[in-house]
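Each chain gets a letter, A, B and so on, in the order its sequence line appears, and its residues count up from 1.
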Amino acid sequence: MKNESELTVNEKPIYARLFNIKYTFESAQPLTFYGDYYANESKLNYVEGDSLIKLRFKELKGNNTKIMIDNPNSWKLGKVYTKFRLDDDVSMLYKKISTDENMERAISAYKGMRVTLNDPWETTVCFITSQFNNVKRIRLIIKNLVNMFGEEHIDESTGIKFKSFPNPEKLSRVSKEDLLRSGMGFRAKYIMDAARVCSENIDLSKLNPKNYDELKGTLMDIEGVGPKVADCIILMGYGNFNAFPIDVWMKRTLERLYFNSKPQKIKDLYKFSEEKWGEYRGFAQQYLFFYGMKNLGRGNKDGK
DNA sequence: ACCCAGGCGGGCG
DNA sequence: CGCCCGCATGGG
């Protein structure tokens, strides 16, 4: 334990306005698929690149949160800002998407929830894994993937051992048989194609995050990446709020809240979201998704 | 036992 | 195009 005079600038806490780690984590975004969140202790450990980031949170008044990095350096400090998009003007975003009382309800219920910004390759693998799957099993498979194929590291300041996410080169060398042992199932061939394409043809880190159409086209060249998975990658791997992923939850939620539970075509829902929330629809999506998941249940009426 | 899960590719009309 | 089907796997 260091005394006060030994504290460096990097060990100063971050005071984040309109930030809530619980909602951010529980809304099932990529960092949650392999990070470890301890809700009762308000702690989160996750791997960023080849580094372990250990965070502690303290909720303050007014939906603000104090974030402390247990094993800090200036690089990690910057990465925490980037991961949780702490520079976003959330008040402005709320104003832009508060177009009706449904959204106002979702915002007030989950105030401080952020759309995290994650590594594009990890996001791609996570959302290929997500198709025709459930969150619990997605997390298990991703965890297996990291444990089986990730590179081992040791965090210098704590001595904790951890593994980083296997890169495309690594996964392209894994046999299908080994990949299946992670529980990947029929998606294994998609992961293999993604790994091959991303290690040989496309450098995901070089794509332009701003160009939605171009991004979507490039991502959909990967086998197993369709419109929905591409939108998830664009939203949570590139931070582009023009993406509005529509999965079974979103479809149900939109139909119930805005169309009197009448089935709608995906195409029409896309258009609806664009007209209603414009260039901030990705941010709106996260609130609707979480709101629907928590409050509307699976049934087709007013489920629980 | 049966149903479903943050969809996608392929095949058909 | 638009529709329909199968798909690995495990938990409720």
Side-chain angles (χ1 to χ4, degrees), chain A residues 23-35 106 110 113 115-116 118 120 122-145 148 175-197 216-238 241 243-257 263-271 273 281-301 303-304:
Chain A
Y23 301 144
T24 301
F25 184 89
E26 286 182 354
S27 59
Q29 304 175 39
L31 91 130
T32 72
F33 288 141
Y34 56 94
Y110 305 113
M113 181 170 66
V115 174
T116 58
N118 305 272
E122 297 179 16
T123 310
T124 299
V125 174
C126 284
F127 281 104
I128 287 176
T129 307
S130 80
Q131 65 178 83
F132 199 43
N133 211 342
N134 59 64
V135 172
K136 194 169 182 179
R137 233 172 69 78
I138 299 163
R139 295 187 61 180
L140 177 68
I141 295 170
I142 294 300
K143 203 170 187 176
N144 290 341
L145 213 61
M148 292 170 68
S175 72
K176 188 170 184 179
E177 194 182 25
D178 283 344
L179 201 49
L180 282 172
R181 287 195 296 118
S182 69
M184 194 61 81
F186 68 92
R187 310 163 196 83
K189 60 177 182 291
Y190 300 151
I191 297 295
M192 291 173 72
D193 184 65
R196 186 184 55 76
V197 170
K216 194 156 185 175
T218 306
L219 292 169
M220 285 177 65
D221 284 342
I222 300 169
E223 202 186 341
V225 177
K228 189 270 173 184
V229 168
D231 271 334
C232 284
I233 301 168
I234 295 169
L235 179 60
M236 300 169 211
Y238 291 94
F241 285 171
F244 190 87
I246 301 178
D247 61 355
V248 290
W249 288 101
M250 274 308 294
K251 186 169 184 297
R252 272 196 297 255
T253 302
L254 289 170
E255 285 164 354
R256 252 189 253 179
L257 295 182
Q264 302 292 310
K265 291 176 186 168
I266 301 278
K267 203 176 142 190
D268 294 332
L269 293 175
Y270 266 122
K271 197 192 287 178
S273 75
R281 56 192 181 276
F283 191 70
Q285 186 271 354
Q286 196 63 34
Y287 278 80
L288 281 180
F289 172 78
F290 198 52
Y291 183 80
M293 204 171 187
K294 286 286 199 186
N295 299 291
L296 301 182
R298 273 176 310 193
N300 208 14
K301 292 278 158 52
K304 188 50 201 298

| How would you list, by chain and number, every residue that makes a ring-ring contact (aromatic ring centres under 6.0 Å, His included) with Tyr287(A), sequence neighbours excluded? | Tyr94(A), Phe283(A)

| request: Looking at every strand, decide which applies to Ser27(A) at a 4.0 Å heavy-atom threshold: base, sugar-phosphate, or nothing. | output: base

| field | Residue list, ring-ring contact (aromatic ring centres under 6.0 Å, His included) with Tyr291(A), at least two apart or on another chain | value | none

| Of all pairs that satisfy salt bridge (Lys or Arg N to Asp or Glu O under 4.0 Å), the ones with a partner from residues 185-194 of chain A, not counting sequence neighbours | Asp193(A)-Arg196(A)

| Can you name the side chain to side chain donor-acceptor pair (under 3.5 Å) partners of Thr116(A), sequence neighbours left out? | Gln29(A), Asn118(A)

Could I get a table of every N or O pair under 3.5 Å where one atom is in the protein and the other is in nucleotides 1-3 of chain B?
none

| note | By ring-ring contact (aromatic ring centres under 6.0 Å, His included), Tyr190(A) pairs with (sequence neighbours left out) none

| query | Stacking check: are the rings of Phe186(A) and dA8(C) less than 5.5 Å apart at their centres and under 30 degrees in tilt? | reply | no

When the side chains of residues 217-237 of chain A are checked against the rest of the protein, which donor-acceptor pairs come out under 3.5 Å, sequence neighbours left out?
from      : atom 1 : to        : atom 2 : distance (Å)
Thr218(A) : OG1    : Glu214(A) : O      : 2.9
Asp231(A) : OD1    : Tyr212(A) : OH     : 2.6
Asp231(A) : OD1    : Lys216(A) : NZ     : 3.4
Asp231(A) : OD2    : Lys216(A) : NZ     : 3.1
Asp231(A) : OD2    : Tyr270(A) : OH     : 2.8

| Partner residues of Tyr110(A) under the side chain to side chain donor-acceptor pair (under 3.5 Å) criterion, sequence neighbours left out | Asn295(A)

| field | Partner residues of Leu269(A) under the side chain to side chain contact (heavy atoms under 4.5 Å, CB included) criterion, sequence neighbours left out | value | Ile246(A), Lys251(A), Leu254(A), Phe259(A), Gln264(A)

| task | For DNA chain B, list all stems, counting runs of three or more consecutive pairs where every pair is Watson-Crick or G-U wobble with both distances under 3.5 Å. | result | B:2-5 with C:9-12, B:7-13 with C:1-7

| Who passes ring-ring contact (aromatic ring centres under 6.0 Å, His included) against Tyr238(A), sequence neighbours left out? | none

Write out a two-atom table: protein N or O, nucleotide N or O from nucleotides 8-13 of chain B, distance below 3.5 Å.
from   : atom 1 : to        : atom 2 : distance (Å)
dC8(B) : OP1    : Gly226(A) : N      : 3.0
dC8(B) : OP1    : Gly226(A) : O      : 3.2
dC8(B) : OP1    : Lys228(A) : N      : 3.2
dC8(B) : OP1    : Val229(A) : N      : 2.9
dC8(B) : O4'    : Gln131(A) : NE2    : 3.2
dG9(B) : OP1    : Gly224(A) : N      : 3.1

